[in-house]
Every structure is written in structure tokens, then in C-alpha cells.
Amino acid sequence: MAPRTRRGSFPRVVIERDTESEKSSSSEEEEDPEPEVQEEEESEELAEVENGENVEEGLGSKKKERVPITIALTKVCKVCKRKGHEAGFKGATYIDCPMKPCFLCKMPGHTTMTCPHKVATEHGVIPAPNRNTRSSLDYVFRRQLQPDIPAIKTAFIVPNQVDCAVIRYHSRRVTCLEFHPTNNNILLSGDKKGQLGVWDYNKVHEKTVYGNIHHCILNNMRFKPTNDETIYAASSDGTISCTDLETGISSSLMNLNPNGWEGPSTWRMLYGMDINSEKGLVLVADNFGFLYLVDTRSNNQTGEAILIHKKGSKVVGLHCNPLQPELLLSCGNDHFARIWDMRRLEAGSSLHNLPHGRVVNAAYFSPQSGCKILTTSQDNRIRVWDSIFGNLNSPSREIVHSHDFNRHLTPFRAEWDPKDPAESLVVVGRYISENYNGAALHPIDFIDISTGQLVAEVMDPNITTISPVNKLHPRDDVLASGSSRSLFIWRPRDKSEPVQQKNEKKIVLCASEKKTRRKFGGVDSDNDSDDDTFSSKGKNFKSKKLGSKPTPKSLRTKR
DNA sequence: AAAACATGTTTCC
DNA sequence: TGGAAACCCTGTTT
């Protein structure tokens, strides 16, 4: 950023921003509100309040007479550049800039620390606007719509302990995960580079990476319903692949960029994908708002591309209703999730449009009844619609939860627990870190979406990275996480443990172990400057089995 | 040890 | 409309 000019009374004070170094000298002082700045403090402060428009001119005209005063900015906030406070980590606790809206709920007037949604055991639920009709009649009504909803919820079994992990299985950040539909120990993973990993996590050292299928982001994959050794994948390279998991032999169903690179305005990328087995279709959607249908028997596109989201916007998610093959759910960067009737697919013909505050990362029907809808939006809210047959004008619940967009991260997606008969357990990684005994960790949250309660937060002191990609096993009590370039398998700490009641289920993993002492929680980096190869540092492509008491050196235990 | 910086997408203007 | 800024709880290299 350009140096910031501040118009004081007489001498213009220029703060060279490149001296960002100061922020880190946090160790020296704590509460001292007096920075050792020069004399012109108050004038500076004044100017600061209303300036901002004179930055340019100051830059241009005062180039030479500007005396860059490199203030010893021990107290200048790196976020807003004002003094008197300082954003950043203090130990393992992040202090927000008070000038910014709350990092969690995005509302002004408070910081994350004091956010009303940051209660110890829950992130908070915002009842949707139309939710004031919360009469008992309403419940009766909804009960009629969903007669199969169990009256008493079964207790959740939450995987909470790292069972095994593979470090740098991928050479880029993990972008998607999929459990094998029939083989219990097989996990598939895709990464930013387009590689497809096949991992038998009971044999940690057996793993396969197919690197030639795609050459950029593998956005979504699905098993072929009629052959569970075959996987479809949609990639930002504009192709759909169909790969045999045994041989790695892959064919391409579709290539939206047959002429190769002709510039960013024409390069089409495939994001959302799902399979409609009833109709024998692979559905994919691109970054320009279009949906494509591919017949899985002929491997040919059927019909024309259909504009299903705002023209030019990315359609990141597609989901076919598990029970009603005519229903399709899509979501994308136009801030909408949309419900479609497959029999009447044309631009503008959506049955419902579900508005969101920001980009919608994911939208899913509930896995068993297909009656509920769960969305993850970049406005830090998980939204739930309890019945697709009910009032869809506003969500039944909005659950505030930190899963912001970050350039280094795969977008977070809240995922259903496919095993939960009540369809109320959801897993989602958390962006903001919390101080757990001195370590800044990013838990993976289990949320009861019927109440908004945080049922469990899963973490390990050795895992300091953010885990935006999570998937619960369709049959076992197993959680798979993709975090940075690593994959983790979590299982319950002790299977013989009596199942706890739902409200006592707060789990803090290894809270007493504090080996990890890092300022930052970590991120799933995709820094292109680091090497792609699996051999670049010797530690790449190594797998590690973690015992029940994990003290793995491999898990980048820092100090 | 500390700082620079690479990186990509959305939103702002 | 297009270009610039914002992001600001990285990870890696310098």
C-alpha cells in the first residue's frame, strides 16, 4: 500500500507503511496508550478523523518535501492504522480492531470477543425475520409436513480424536472429500492442483494420487451410482472426468475449453456437480452461471446450457434431492440458492430463490428425507430451511458461525451427518481461532441445526491449520477433514464410553496438552511458490500413523 | 528472527 | 463498466 499522508497543522507527517514490522513487537508493552510518536500527535489525530481524500494529492505533490517519519508505531493498529489500540494476536488470543465490524457476526459496535453470538457453548441463532409466527400451530403444521421426524432425537456420536493423518498427501490445499459408498475405509480427496487422492486410511501407507486427470482445481466429485469404482469429477480446467479408481484410467465427459486458453473472459470452469441417477445425468455448472446436463450412458451433453444463476457468476454447488429426482438445488456467487424442477429447466424458471447476504458456498438438501435445506454463506451464517414444502420466504434459522472467505482457504461447507435420522447434526470447520490453553486452534464444529447449539468442537493441539473441508462417514462414526494439504481421520475418543446426552456433549480435545504454541492457527495455503512435487522437502508425501496419544512430530509440532 | 510477499476472489467505487 | 482495494486469525522464502 502507498504511504499514507496525513495532513497535520504544519509539517505533513508521512507514515511509511512498509514499517509494518512494528506490529510484531508486541512483547514489549501491553497497555501503554502512549506511543512514542512525535509532537504533532493531536493534529495528526484530528486530520486522521476526516482525511482520506487528500491522500492522493499529498502523494503526488509532496513527494520531495515529505519527510518520512517512521514512527515507532508500537501502538498503531495494523488494520485501521489508528493508534490507541492494536489488532492482532496477544498470545493465542486474537484481538480485533474495534473500528471494524465484528469479525464473527459482521455487525458494528462490538468485536468478536464481545459478540453476543460468541457464547461459550453456542454461536447463537438468529431467528429468521418471519419466524415470529412461532405458535404451536406452526409446529403442528410442520410436523404434518414431516411426519417422519423423530420426536426424540438420538444422541450424536461425534468423532473427536485424530486417528490417523497424512501430512502433505496433497501438494496443494485439499478442496473436496468423498467417502467411498461401499468400501468403508476409502477416502477420496481432490486438491487445488487437480490431483485425485485415493486413501485407505486403515492402511495409512497405502495411497494413490492420480495427477493427470485434471490440471487445476478439482471442485467437486461424485461416485457413479451404478459403479462405485468410478468417480466423476468437475474441475476448473473446464472438464468432467470419469475415472476408474483401480486403474486411474480416466476419460473426459466434457471439455468446455476445447480451444485452450484464450484469456480469462472465455475460460470456463466447472464448479458445482451432482449426479441424478434416476435420469442418468451428470449435472455440472460453470463460472458463468450455466448448467450443463450430460447423459451418463452416451457421455454426451443433452440440450443446451441453461442459465441458472446470474449471468457471469459462479455456480459453486449443485445438489439433487435424494428422494425427489425432479428437485435440484443450486447455489452460487449471486448470493442465491435456488430450487429447480428438472422438468422445467430454463432460465428464470426456478421454483424458489433463497437469498443470502453473501456468496453461498454450499447448499444441500438433507440427506435422508430431502426435506430440509442447509446452506453455508460467506456472510458467516449457516441457514436452515426446515421444510421445502413450508414457507421458504425466509430461513427457519440463521446460525452465526465463523467461516469467512479467505483467499488462502477452500470455501467452508457445512455438511450434514448422513447418519443422523433427525437430520439435525451438521459439521463445519471454524475460521476464527480460539485460545485453547495457549494454543490458537481452529476447531471443527458440530452444530445441532435444530437449535443452533454447538454440540461439539473438535480439535487437536497438533493441528493448527484451518479445516474448511469436512465430511462425515455415511456409516461409521468417522470424520474426515481436509486441512491445508493434509488429511485427517477422526474417530470417537473411546467407543465404549457411554453416549452422552446432547447438551453435555462439549468436547475439548487434548486440552491439557499444550505443545503447540503458535501465533497463527494456520491456513490451508496454496502458495504457488512452494514446490509442487512430493519430494521437495523430504517430508512431503510422508504418512504418519498417530497413536491414540498423539504426539506426532510430523504434525508440525511447533516448539 | 523478522519481514516481505505470493496468492485469488469479491466487493467497492 | 473495469480497475483497484480489500482481505488482514497464511505459509514460505528472503
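Numbered from 1 within each chain, the chains take letters A, B, ... in sequence-line order. Quick note: numbers below take in every heavy atom, side chains included, and nothing from hydrogens, waters or symmetry partners. For clarity, every value in this text was computed on a predicted model and none was experimentally measured.
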Exercise. Any chance the side chains of A:S481 and A:S467 put a donor and an acceptor closer than 3.5 Å?
Worked result: no

Any [X] side-chain nitrogen or oxygen under 4.0 Å from OP1 or OP2 of [N]:
X      : N      : answer
A:R407 : C:dT10 : no
A:R485 : C:dT12 : yes
A:H408 : C:dC7  : no

To the nearest angstrom, how far is [X] atom [atom1] from [N] atom [atom2]?
X      : N      : atom1 : atom2 : answer
A:K311 : C:dT1  : NZ    : C1'   : 16 Å
A:L409 : C:dT10 : CG    : P     : 8 Å
A:Q378 : B:dT10 : CD    : C1'   : 8 Å
A:I466 : C:dC8  : CD1   : P     : 11 Å
A:R172 : B:dT7  : CZ    : P     : 10 Å
A:R173 : B:dT7  : CZ    : P     : 13 Å
A:I432 : C:dT10 : CD1   : C1'   : 17 Å
A:K192 : B:dT9  : NZ    : C1'   : 11 Å

State which of [options] makes the closest approach to the side chain of [X].
X      : options              : answer
A:F103 : B:dA6, C:dC9, B:dT9  : C:dC9
A:D96  : C:dC9, B:dT9, B:dT10 : C:dC9
A:K100 : C:dC7, C:dT10, C:dC8 : C:dC7
A:H335 : C:dC9, B:dT11, B:dT9 : B:dT11
A:F405 : B:dT9, C:dC9, B:dT11 : B:dT9

Seminar exercise, completed: With sequence neighbours left out, the residues meeting salt bridge (Lys or Arg N to Asp or Glu O under 4.0 Å) with A:K100 are none

Problem set entry | Mutual orientation of the aromatic rings belonging to A:Y201 and A:W199 [parallel < 30°, tilted 30-60°, perpendicular > 60°] | perpendicular

Problem set entry | Test ring-ring contact (aromatic ring centres under 6.0 Å, His included) applied to A:Y364 - qualifying residues, sequence neighbours left out | A:H319

Problem set entry | Contact check, side chains of A:V158 and A:V458, non-hydrogen atoms, under 4.5 Å | yes

